Amino acid sequence: MCNDYRLTVDVASIVEDFADLKIKIRFGEGAPNIQAREDIKITDVAPIIRTIEGVRGEGDMVQRRWSWPGPNKRPVYNFRSEGREFSSNRCLIVADGFYEFTDPIDKKKRKDKWLFTKKDEPIFCIAGIWRDTPEVGEAFTMLTMEPGPDIAPYHDRQIVILDRSAWADWLDPSVSAKSLIKALPPGTLQVGQVG
C-alpha cells in the first residue's frame, strides 16, 4: 500500500487548481509553508484540505501528521474504505505522485520503486480522513480500495484517488462517500520505474 507520495507543487498553484473547480481554500491556521518534496513518508507532516462544517465549496488547508498510532502502536497510514460512509472528518490529501513497490526484477535490489502520476493533471487528491489522538494530536490517513486497472499489475490494493469532479463532494459529508469511491478509468494514471 501507499507509504510514500510526492508533492512538488506550491500553495498558490494548489489554490488556483481548486479555484478552477469553484472551491475556495481557507487558511484557518495561516498559509502553510509547503516545501517541494519528492518523498512524503509515514509520520511526516504534510498539507491536507479539511471540510469546513456547514460550508459547501470551501476547504481549510492545514498541515498534519500522516498516520496516527493504532491499537498495536503501529502507524495507521492506510484505512480500508469498504462498507464505510465517513460522515465526518473527511479531508483531501494533495499529491502530484505516489509510489508503489514491487519485488525486484534485479535480485541485487530490495524492491523496485514505481511512480504513479495522473495523466494531464498537475495535482490530484487522495480521499482521506483525520482524527485527533492523545498521542500525536490531529493526524490523517489515506483511504484504500480494491485496485483499479492501472494499479492492479503492481499491487492488490490502492489508495482512493478522487476524480476532480468529486473534490467538492468529498468535502461535503452530506454526500455519500460510497458514491465517490470508485476506480479511475483505465489509462488515467501514468507509471514509470524510478528505483
Side-chain angles (χ1 to χ4, degrees), residues 1-11 13-14 17-18 32-50 61-70 74-82 90-130 136 139-164 166-167 170 180-195:
M1 282 309 331
C2 184
N3 61 12
D4 188 1
Y5 72 101
R6 184 181 83 173
L7 181 61
T8 58
V9 178
D10 62 14
V11 172
S13 299
I14 294 168
D17 237 27
F18 275 78
N33 180 18
I34 299 174
Q35 299 173 342
R37 289 188 285 173
E38 290 290 325
D39 291 282
I40 299 172
K41 297 182 182 282
I42 299 164
T43 73
D44 285 353
V45 172
I48 59 171
I49 298 168
R50 300 191 303 187
M61 182 184 283
V62 296
Q63 296 228 69
R64 294 294 183 265
R65 174 188 149 128
W66 179 17
S67 78
W68 58 75
R74 282 188 284 212
V76 178
Y77 58 95
N78 290 156
F79 196 88
R80 287 182 175 264
S81 64
E82 287 87 354
R90 292 185 191 177
C91 65
L92 296 169
I93 303 156
V94 183
D96 62 11
F98 68 95
Y99 303 98
E100 290 294 350
F101 298 84
T102 60
D103 289 331
I105 295 167
D106 175 357
K107 297 301 177 195
K108 294 177 185 160
K109 294 191 325 188
R110 276 187 29 159
K111 294 278 186 184
D112 286 338
K113 184 176 183 180
W114 304 89
L115 172 64
F116 291 81
T117 56
K118 197 142 182 244
K119 207 177 274 187
D120 304 322
E121 292 183 19
I123 63 170
F124 56 87
C125 286
I126 301 159
I129 56 171
W130 64 273
V136 298
F140 70 91
T141 189
M142 297 178 176
L143 298 184
T144 66
M145 60 186 278
E146 291 292 318
D150 293 339
I151 296 178
Y154 301 89
H155 207 287
D156 61 352
R157 302 275 305 156
Q158 77 163 67
I159 52 175
V160 176
I161 301 166
L162 296 167
D163 188 84
R164 291 173 75 82
W167 294 1
W170 187 257
L180 304 174
I181 296 173
K182 55 185 101 176
L184 298 170
T188 303
L189 297 174
Q190 299 177 130
V191 61
Q193 189 170 353
V194 293

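When reading the values below, keep in mind they use all heavy atoms of this one structure, side chains included, and skip hydrogens, waters and symmetry mates. These numbers come from a predicted model, not from an experiment.
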> For Y5 and V94, which heavy atoms make the closest approach, and how far apart are they?
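So the two residues come closest at CE1-O, 3.7 Å.
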> If you compare all heavy atoms of A127 against all heavy atoms of I93, which two are closest, and at what distance to 0.1 Å?
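Scanning both residues, the minimum pair turns out to be O-CD1, 4.3 Å.
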> Any side-chain heavy atom of P104 within less than 4.5 Å of one from R110?
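No, their side chains stay 4.5 Å or more apart.
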> Rounded at 0.5 Å granularity, tell me how far CD1 in I129 sits from CH2 in W170.
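Result: 8.0 Å between the selected atoms.
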> Under 4.0 Å between a side-chain nitrogen and a carboxylate oxygen: does that hold for D17 and R164?
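A salt bridge is present here (some side-chain N lies under 4.0 Å from a carboxylate O).
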> Do R50 and W130 meet the cation-pi criteria used here (NZ or CZ under 6.0 Å from the six-membered ring centre, within 45° of the axis)?
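Cation-pi check for R50 and W130: passes.
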> Would you confirm whether K119, through its side chain, and G187, through its main-chain N or O, come within 3.5 Å as a donor-acceptor pair?
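Answer holds: yes.
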> What residue among I151, I126, D150 forms side chain to side chain contact (heavy atoms under 4.5 Å, CB included) with Q158?
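One option only clears the test, and that one is I151.
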> In terms of side-chain geometry, is the basic nitrogen of K113 or D4 positioned less than 4.0 Å from the acidic oxygen of its partner?
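Result for this pair is yes, salt bridge flagged.
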> Over all heavy atoms of both residues, which pair between G148 and A183 is shortest? Give the atoms and the distance, please.
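Between these two residues, the closest heavy atoms are CA-CB, 3.9 Å.
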> Ignoring hydrogens, what is the shortest heavy-atom contact between D156 and E146? Give both atom names and the distance.
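It is O-OE1, 4.4 Å.
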> Classify the side-chain pair R157/T144 by whether it contains a donor and acceptor separated by less than 3.5 Å.
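Side chains of R157 and T144: pair found under 3.5 Å.
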> Considering only heavy atoms from C-beta outward, does the side chain of L7 approach that of P47 to under 4.5 Å?
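Yes, their side chains come closer than 4.5 Å.
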> Show your reasoning for whether side chain to side chain contact (heavy atoms under 4.5 Å, CB included) applies to L180 and R90.
CA-CA 12 Å; L180 304 174; R90 292 185 191 177; 4.2 Å; yes
> Checking side chain to side chain contact (heavy atoms under 4.5 Å, CB included) for the pair T8/E38: CA distance, chi angles, key distance, verdict?
CA-CA 7 Å; T8 58; E38 290 290 325; 3.6 Å; yes
> Does any non-hydrogen side-chain atom of I49 lie less than 4.5 Å from one of F18?
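Heavy-atom side-chain distance check passes, below 4.5 Å.
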> Is the shortest distance from a Lys or Arg side-chain nitrogen in D103 or K111 to a carboxylate oxygen in the other one below 4.0 Å?
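Salt bridge: yes.
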> I'd like to check L189 versus I161 (side-chain heavy atoms, cut-off strictly below 4.5 Å). Are they in contact?
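With C-beta onward as the side chain, the pair touches.
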> To the nearest 0.5 Å, what is the distance between CD1 on I48 and SG on C125?
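Interatomic distance, I48 CD1 to C125 SG, rounded to 0.5 Å: 11.5 Å.
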> What do you reckon, is NZ of K182 surrounded by more than 12 foreign heavy atoms closer than 6.0 Å?
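Count not over threshold, so no.
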> When rounded to the nearest 0.5 angstrom, what is the spacing between SG in C2 and CE in M142?
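So the gap between those two atoms works out to 4.5 Å.
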> Atom CD of residue position Q193 - does it have more than 12 heavy atoms of other residues, nucleotides or ligands inside 6.0 Å?
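Counting neighbours around CD of Q193, more than 12 heavy atoms of other residues, nucleotides or ligands fall under 6.0 Å, so yes.
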> To the nearest 0.5 Å, what is the distance between CD1 on I14 and CG on L92?
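Between atom CD1 of I14 and atom CG of L92 there are 11.0 Å.
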> Can you tell if the side chain of D96 reaches within under 4.5 Å of the side chain of K118, non-hydrogen atoms only?
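Not touching, per the 4.5 Å side-chain cut-off.
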> Please tell me if the side chains of H155 and P147 come closer than 4.5 Å, counting only heavy atoms from C-beta onward.
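They are not in contact (no side-chain heavy atoms under 4.5 Å apart), so the answer is no.
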> Taking S67's backbone N and O only, do any of them form a donor-acceptor pair with R65's side chain (distance below 3.5 Å, no angle check)?
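At least one qualifying donor-acceptor pair exists.
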> Could you report the tightest heavy-atom contact between M61 and P32, atom names first, then the distance?
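Scanning both residues, the minimum pair turns out to be SD-CG, 3.6 Å.
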> Roughly how far, to the nearest 0.5 Å, is CG of D10 from CG of N33?
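With rounding to 0.5 Å, CG (N33) is 10.5 Å from CG (D10).
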> Which heavy atom in L143 sits nearest to a heavy atom in S81, and how many Å separate them?
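For L143 and S81, the tightest heavy-atom pair comes out as CB-CB, 4.3 Å.
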> Could you check, using the six-membered ring where one of them is a Trp, whether W114 and F101 have ring centers closer than 6.0 angstrom?
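Aromatic pair excluded; centres sit 6.0 Å or further apart.
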> Nearest 0.5 Å, what's the CD-OG1 distance between Q190 and T117?
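Q190 CD to T117 OG1: 4.5 Å, rounded to 0.5 Å.
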> R6 versus L115: any side-chain heavy-atom pair under 4.5 Å?
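Answer yes - side chains close enough.
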> Quiz question: by atom type and distance under 3.5 Å, do the side chains of W66 and T141 form a donor-acceptor pair?
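Their side chains do not contain a donor-acceptor pair, so the 3.5 Å distance test is not met.
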> Would you say the ring centers of Y154 and F116 fall short of 6.0 Å from each other?
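Close enough - the centres of the two rings lie under 6.0 Å apart.
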